[in-house]
Every structure is written in structure tokens, then in C-alpha cells.
Amino acid sequence: MFKHLMQRLDTRIAPSRRGFLKFSLGAGAGLVVGVHLPAPASAAAGGDSTWFNPFVSIAPDSTVTVFIKHLDMGQGVYTGLTSLVAEELNAAHDQMRAEFAPADASLYNNLTWGTVQGTGGSSSIANAYEQYRRAGAFTRDMLLGATGKEWKVPVAELTIADGVISHSSGKSATFGEMAELANKQPVPDHSVLKSKTDFKFIGKSFPRLDTEAKSTGKAVYTQDLHLDGMLTAVIAHPPKFGASVASFDDSEAMKVRGVDSVVQVPQGVAVIASSTWAAIKGREALSVTWDESKAETRGSDEIIAGFKAALDGKGTMLREDAGIDDALSGAATVVEREYTFPFLAHAAMEPMNAIVQISDGGATLWTGSQIQTVDQGTVAAIAGVDPANVRVETVFAGGSFGRRALPNAQHNAEAAAIAKAHGKGVPIKLVYTREDDMRGGYYRPVAVHRVRAGLDAGGNIVGWDHKIATQSILKGSPFEGMLQGGPDFTMFEGAFPPVYAIPAARFELFEEKTGIPVLWWRSVGSTHTAYVMETMIDELAKAAGQDPVAFRLALLKDHPRHRGVLELAAEKAGWSNPPAEGRFRGVAVHESFNSFVAEVAEVSLQDGRIKVEKVTCAVDCGVAVNPDIVAAQMEGGIGFGLGAAMREKLNVVGGEVEDGNFDTYTPLRITDMPQVEVHIVASEEAPTGVGEPGVPPIAPAVANAYAAASGKRITSLPFADHDIV
């Protein structure tokens, strides 16, 4: 019966957007009626809760707990998914609760990823929108069916409002009173989802469920967990990527009070102690000799120079139109630019951490797990147990920006390796310091673009020649199969295929290799492609003597949603009127993760330095489930992207990362944050992501505003390298 139910709850999104496809469940599946899944203990805080499906349980006190299959790392999915259930259930906001779901890809897979449970690509609401609504609708209909049977009245005469079931006779009942009876009802063959006109939650701004806990310090992160018998570990990583341990001497480390043991693991040498401080002091006393024979020894400057040199060769052709060379040679005006982008760290506020306990043929992982399936499988392989015997307790994460979505489960693998080497079955908490995270992490890759674009005498684009050199994120990782033998789309997404109408074009890709580990960084390829496309288009508009907004609109005639956000942002920013004296505006528009964002940046120059005064943002993300969270994600993305554009750059010298903390790797300061105004396009399209799409347009919008103010084009980031911030 449970398999039958899950087939109806599976609303994975196919390219045609038709869903409700059947997917295979593991052995032993059954309707969760009194069955205790390995969910957090607090799921039954109100007593013995009744489970209606893997996503919903109702306690005797009528609290409704929604099990969240995605990690909430600040993006608001904890609240968003709960609202979807509340909508169809006609519950009251104050009776809703949320808990992270256990790791079980057969029940909680990301429907856009297939059989993997995980969070990323701004996909949480997009993949679960109908699934969680349907879970709420099934529960609603089972409650109504049971009530009608108990009261001997037609279900059609019953209503649910604010969590109370009522009949015209005056009878009423709470969810808790009817839950046990309702769970004996057959699973509905079909439950009708509410129409937009009846929405009470979707499209409305309700308070986040985690605000109070996070504001008062009650929210649980990995670092908050203190388990009985737990020891803490830190790890000495090789200073150069690709190096390994040749030998080590732990004699002095073992003299440090509180140090329990020192163990070698594949990733380095770990010091295990009774406290974080003791582990760190023990590591400082540790002596390690590194084998650097296979290490990366180049620095950022050499790597960038190599990428630039590669552009003189032959790459992989993504598109090459006949006549492109003639179009450029015959152009009335040709603009040519070379752009460079540095390595970037994710620099999440919570450095990496994890707790692993291996015992009794199984293991438990406590962490802010972003890809539970990968983390579960990795810990299982290291512990030598079946993945089904690895429990993953997902807790809140203090940011990620891609850092926790590791194909090799880096820090979780390290924690498991340390626990395995320790061998005593106690929980081991692995803690990264900020320096560990910065110097031993994964990074947004370096990228170099070279673009030539031509205009005819009328100011029309006639040709575009674009070369991109960067490092693949997916190749060599467990996710390489996504490419199906083709090029890594994360290297060029956002630039190719172009949304602007270009009659003749050539796009050429150069995949370069380095020993520096790279990873998706908030908005992935669009972090650099949006900057190139939008500053180049802006420069062409200037060369053509045309207004930057009008120039873009003419080139976007076949892309109404791009046009919609661009027109809205321009209108709300007062683009048609000149800015106040001493203010200058720039604009950018970009699509990423199926969402469309336009931003108008208004800046001033103070002693030649940029001060971003205001950003007007327009976003089209389909149905905005919670507009306040959408706006918050746009604001956060703008701040995140602005910080990177202004000052962030990871410096690698001789194969070693120099930057270890925020004294040299400088994030956005509060004094840098502009006023942000967010406008959401009203839409009936399926919801799409908002965690990342706010990032790409901000850097080019500010750069274009600076060009309007100074006449100078910035072709390499960060702005600090040009002494203008």
C-alpha cells in the first residue's frame, strides 16, 4: 500500500513537466501507520504521532509535523515546504512544525535528480512543489473521510479551516482527535489540489518556522551537538593539493593535555582529543613530513596565464556559424575584451564539521547534510557497513553556497575515516577551523573569457566570437555521468546558448586542468558568464549609441520572461528618468536555474571609489510560494555576489592557499550593503529556484554603472584589484 501511495506522491518534473511517474522503492516499504521511521525523536513531541505518509504526521495535540527532505542552510526551504502541506491541509500556521527527514532516497529523493536525496541547484521548491501539496491533500481527504464516517454525514458537507474539521450541524473536531481514525482510511486514488483562487498560504508571506530558534540560539547545528563519550578531532591537511603524508611524529602532540590519540587517514593526520582546543594545540605540536611529488605547485598567476595561453589554441566547438569571420571582418565596429576571474572560496559562516559514530555493524552521521545519499554511501563504504545501516541525522547548516554538496563527501568522509581509525566506537566530531576550511577546501574555478563582437553601421550585432577557458567541476567526479560524454555545461552555462539574438556566432570551450580542487559556487557557471555577457552587451550598446535597456530588449524579442524582469526592474528603478546628481546606473539581466532576474545598480563615486547606493531587483521565479523568503534570497544573493565582485579573491602561491581568514579574504562589510528593493513578477508558471539566481546580475550591473560614471570598463575581478573600492 505504501508503494501505491508513493507512486502518487512522486511528482518528479520531466522536461514536459508531466509528473506523477512511478519509481522503484526498496524492500520493506509499507504505509507509515504507527511505523517509526528513523526520523528525529522530536517528531513525536506531542505524543505518539500518526503518520499519514512519509511527509506528514499529526500528533494528538493537532500539531502537524512536515518532514523536510532537503537541507535548510538559510534558504528557507524548512518553511517553504511546510507551507505547501499546510495549504492543502487547510491547517493553521501556528500548528505547523518541521523536522528534517531521514536519509532514504527511496522516499525522499530529489525528483529532478532521479534516485538521489539532496539539495542544490535551487531545486528544493521546484522539485517538491506538487509532491508536498499532494501529501497535504491526501492527508486532508483521509481526515475528511474518517470524520464523515464517524459522524455518518457526507464528506461533501464537511469543511476544514484553520486546522478544525466542521459540519453545518455545528459539530467540530481537531486534527488530533481524528488522526487515528483517519489513518485507517484507504489512501485516496486522487486528491484534488486547490486552485490558485483558494490559496491561503501559497503566495503569502508567513513567518519562517526557524526564525525564533535561530534568533535565540535554540537551533541545532553540528557544532552544538555534544554526545556522550564524544571526542573531537582536527586534521592536518597537506599544505599543497595533491601532496600526501610521508611520515609524522606525534610524540609532542601526545604530551598535550587532553589529546587522546593521533591517527593517519587518507586525507592527512588527525589529532583526537577531549576538546576542540586540545585537538588544535595537539595539531600545532605535530610534526608531519609531506610527500609533494604529485602536488600542484603553480599559483593563481601561473594558472591564469596558462588559461590565457590555451585560448590561442584549439578548443571544443560549441557553435560555429558559417560566415562568422566575414561578419567580424566586415563589421563597422569591433569590440574585443579579455576577462579573468579568480578562485573563490565559499566562506560559509559555519566551517565544515561532522560527527560520526561507528558501532555494532552500523554508523551514524550527524551533520548539515546537503546530499544525504552521497554522505550515507560514503560513510558506509569507509565504515564497511551496508548503506541501509548508516543513519544520517541532518541538522541545520550555517550556509553552504555549494560547499557542502561535495561529490566525495569530503569532511564527512574524513570524520568517518578518523572514527574508523580510532576504532573504539565513540562519536568523533571533526571540526574545521576557518583556516582549515579556507586552505583545504574546494573553490570556484578560475575562468578566462576572450570575446570579439562586431556591430554594423546601424548599431546591430553582426557577429560574436567567444572563447572560454576554465576547469571542469563535474569531470572526474561521481557526477560525471550527467554529462553523457559531452562537455561540462557548468563551464559555459549562462553564456551558451546565448539568449541574445546574434546572427553569426562562435563559442569555443577550453577545458583546463589544475591540481586545485574545484566545486560549484553559488550560481555555478553563471558567476562568471553573466559578467561577461552583460558587460559586453552593455559596451556594445554604448558603441551603438543606444540605451542599454532598449538595446537589450531588442535582442530579447524571443525571450518574454527576460524582457519582463528587465522592463520591471527598469520601471521600478526609474530608468527613464536621469538619476540624482552624482549617481550613475547600470543594468544586467540573467537567467539561471530557470529563474529570471534583472538588477539595476545605482552607484556613486567617492574619491574615485564605488559606493553602491541602491539595487532594484526584479525576479520571475514562477509561483512565489513565500514572497518574503523570495525577497530575502534576492537580497542575500545580491550581497553575496557584491562581496565577491568587490574584494574576494583566493590567492594561491606555489600550490598553497595564502588566505586563511577574513583578514585577507575580505567578504562584504555591512557598510558596503546597499538598499535593495525586490519586485516579484506575478506568475502562474511552476515555481523555480531563488537561492542562486540573485547572484549573477549584481557584479555586471555595478560594473556597468561604474562604466557610466567613469567611462572605464572592468574586465577582471575583484574591483579591489583596480583600486576602486
Pairwise salt bridge (charged side-chain N to carboxylate O under 4.0 Å, His left out) hits with a residue in [range], at least two apart:
range	answer
residues 403-423	Glu350-Arg404, Arg403-Asp437
residues 135-144	Glu88-Arg140
residues 354-369	none
residues 471-490	Lys475-Glu511

Checking Arg522 now: which residues fulfil salt bridge (charged side-chain N to carboxylate O under 4.0 Å, His left out) with it, not counting sequence neighbours?
none
Residue list, salt bridge (charged side-chain N to carboxylate O under 4.0 Å, His left out) with Glu87, at least two apart or on another chain:
Lys194
Pairing residues for [X] by the side chain to side chain donor-acceptor pair (under 3.5 Å) criterion, not counting sequence neighbours:
X	result
Asp628	none
Arg208	Asp210
His411	none
Thr364	none

Run the ring-ring contact (aromatic ring centres under 6.0 Å, His included) test against Phe401 and tell me which residues pass, sequence neighbours left out.
Phe640
With sequence neighbours left out, what residues match Trp520 under ring-ring contact (aromatic ring centres under 6.0 Å, His included)?
Phe479
